[in-house]
Amino acid sequence: MHQSLRDKFADPSRGVYFIGTTPPRDSTSDEQMREIAGKLLSRLASLEYDGLIIYDIQDESARIDTPRPFPFKETRDPREYSRLIADLSNRETITYKSVAQRDRADFEHWLDEAWNEYGLRNLVLVGSPSSEGDIRLTLPEAYAALNAHRYPFHLGGVTIAERHALKGNEHERLLNKQSNGVEFFVSQAVYNPQATIDLLASYARSCREQGIAPKRIVLTFTPCGSAQTLEFMEWLGISVPPATRWRILDAANPLAESIRICQNSLDQILEACVPLGLPLGLNIESLTNRKEEIDASIQLYRLLKATLDLKLAEQQLKG
């Protein structure tokens with residue numbers, strides 16, 4: 001019997017490792033979707049990983065005035081793609097769910113279907129990208145609905161180090177989400193390691209002061225091979241310091257340079273944060289469907305998994 005993701009997450013001595021992906025666009029047939037999933041999993045066949053994270057892509061244009069660098073396209077239901085990926089890979093998935101569009105009764109019905117029809121056990125709930133617009137269910141209301149629900153989902157939340165750099169209180173959001181039943185956090189893609197270190201150090205310190213065990217933080221990394229991908233990252237709210245931006249754009253091979261930057265960022269984060277006793281994990285995604293960026297994300301995955309595994313092994317030796 002495979003160890004469940006919940007059990008893996010509960011063991012602080014090990015890392016947890018994920019590939020992030022999005023469902024195909026909504027015009028995709030079932031047969032095409034199966035083909036797309038098969039192609040992705042064959043690319044991952046040589047990797048050791050714990051599961052896939054399936055995103056719920058929303059049109060976030062209300063959040064920001066600048067136009068979206070890649071046009072927004074509706075996708076298939078993330079639950080369908082999650083179930084298919086889980087069936088084909090024989091691994092669990094973590095499925096994102098944006099909660100603002102439905103009221104509580106609708107959301108509860110969605111949860112029933114997710115558990116019974118789609119076999120989902122691991123969810124990450126996401127609030128509205130903007131405080132503007134028609135928000136029918138807030139994130140705290142969704143947590144309350146989930147906590148009162150009959151099925152014991154393994155619940156995750158999102159963490160954004162950029163908010164910490166701006167407001168200095170993201171660690172309080174983590175603690176608040178934790179008190180609402182959140183068992184793990186997935187970060188936005190890291191290109192500003194210092195913002196992540198500041199957040200994780202604040203969180204570890206607060207947990208220590210309050211005498212509570214910190215939850216697992218899954219750090220997301222993504223390769224970047226072009227000015228357009230970089231523009232998209234910045235549109236999504238990922239903080240890319242100017243010097244890092246020019247290092248990528250001026251490099252003879254921007255993709256290889258972005259991989260070096262990601263490895264260096266992870267090294268810095270591990271150096272500062274592994275001694276704090278925070279259980280960590282990795283999620284590697286490609287933000288575009290360009291073949292070279294998808295291939296680079298697999299290379300990045302291998303490199304960063306080896307980096308985290310080595311650091312954890314060294315830490316265990318120190319006892």
Side-chain angles (χ1 to χ4, degrees), residues 15-25 28 32-55 57 68-71 73 75-76 78 81-82 84-86 88-91 93-94 96 186-191 193 218-236 238 240 244-267 269 281-310:
V16 291
Y17 300 99
F18 294 91
I19 305 289
T21 190
T22 55
R25 62 186 61 175
T28 309
Q32 288 169 319
M33 183 164 75
R34 178 172 278 271
E35 208 174 290
I36 290 165
K39 199 175 284 186
L40 170 64
L41 293 173
S42 69
R43 278 193 168 115
L44 308 180
S46 64
L47 304 180
E48 278 181 49
Y49 61 99
D50 293 305
L52 285 98
I53 293 179
I54 314 294
Y55 296 113
I57 301 298
R68 198 179 197 275
F70 295 100
K73 293 189 170 67
T75 71
R76 293 284 300 252
Y81 200 51
S82 259
L84 177 62
I85 290 277
L88 294 179
S89 67
N90 202 24
R91 287 173 169 87
T93 52
I94 294 174
Y96 271 51
V186 182
S187 84
Q188 184 164 268
V190 175
Y191 266 91
V218 178
L219 300 169
T220 299
F221 290 88
T222 183
C224 172
S226 72
Q228 194 182 18
T229 302
L230 193 57
E231 194 190 333
F232 186 42
M233 280 165 40
E234 290 174 338
W235 187 88
L236 288 168
I238 297 164
V240 184
T244 303
R245 178 190 176 87
W246 299 124
R247 262 185 75 185
I248 293 169
L249 293 180
D250 294 344
N253 183 339
L255 263 179
E257 190 63 27
S258 76
I259 287 173
R260 275 192 287 277
I261 287 166
C262 288
Q263 188 182 21
N264 182 254
S265 294
L266 181 61
D267 279 333
I269 293 165
L282 292 173
N283 169 41
I284 311 301
E285 63 183 10
S286 171
L287 287 172
T288 72
N289 53 14
R290 292 176 175 151
K291 182 183 183 300
E292 60 272 22
E293 289 193 348
I294 294 169
D295 289 345
S297 69
I298 289 168
Q299 200 182 344
L300 180 62
Y301 177 91
R302 280 202 178 92
L303 198 57
L304 296 193
K305 180 179 188 296
T307 303
L308 178 53
D309 278 342
L310 181 62

> Taking all atoms of both residues into account, what is the closest heavy-atom pair of Leu304 and Leu266, and its distance?
Replying inline: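 Heavy atoms of Leu304 and Leu266 come nearest at O-CD2, 3.7 Å.
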
> Closest heavy-atom contact between Leu255 and Glu292?
Replying inline: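 Smallest heavy-atom distance, with atoms named: CD1-O, 3.4 Å.
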
Looking at side-chain heavy atoms only, is the closest gap between [X] and [Y] below 4.5 Å?
X      : Y      : value
Arg290 : Gln228 : yes
Asp295 : Lys291 : yes
Thr222 : Ser297 : no
Met33  : Tyr81  : yes
Ile19  : Tyr301 : yes

> Could you walk me through whether Leu249 and Arg245 pass the side-chain contact (heavy atoms from CB on, under 4.5 Å) check?
Replying inline: CA-CA 6 Å; Leu249 293 180; Arg245 178 190 176 87; 4.1 Å; yes

> So how far is it from Cys262 SG to Gln299 CD, rounded to the nearest 0.5 Å?
Replying inline: 11.5 Å

> Taking atom CG of Leu230 and atom OH of Tyr191, what is their separation to the nearest 0.5 Å?
Replying inline: 8.0 Å

> Do the side chain of Ser258 and the main chain of Cys224 share a donor and acceptor less than 3.5 angstrom apart?
Replying inline: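 Answer holds: yes.
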
>> Test of understanding: with salt bridge (charged side-chain N to carboxylate O under 4.0 Å, His left out), list the residues that count as partners of Asp309, not counting sequence neighbours.
In response: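 Partners of Asp309 under the salt bridge (charged side-chain N to carboxylate O under 4.0 Å, His left out) test: Lys305.
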
> How would you list, by chain and number, every residue that makes a salt bridge (charged side-chain N to carboxylate O under 4.0 Å, His left out) with Glu285, sequence neighbours excluded?
Replying inline: none

> How would you list, by chain and number, every residue that makes a side chain to side chain contact (heavy atoms under 4.5 Å, CB included) with Thr22, sequence neighbours excluded?
Replying inline: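 Only Tyr55, Ile57 meet the side chain to side chain contact (heavy atoms under 4.5 Å, CB included) criterion with Thr22.
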
>> Does Arg25, at its CZ atom, have more than 12 non-hydrogen atoms belonging to other residues, nucleotides or ligands within less than 6.0 Å?
In response: no

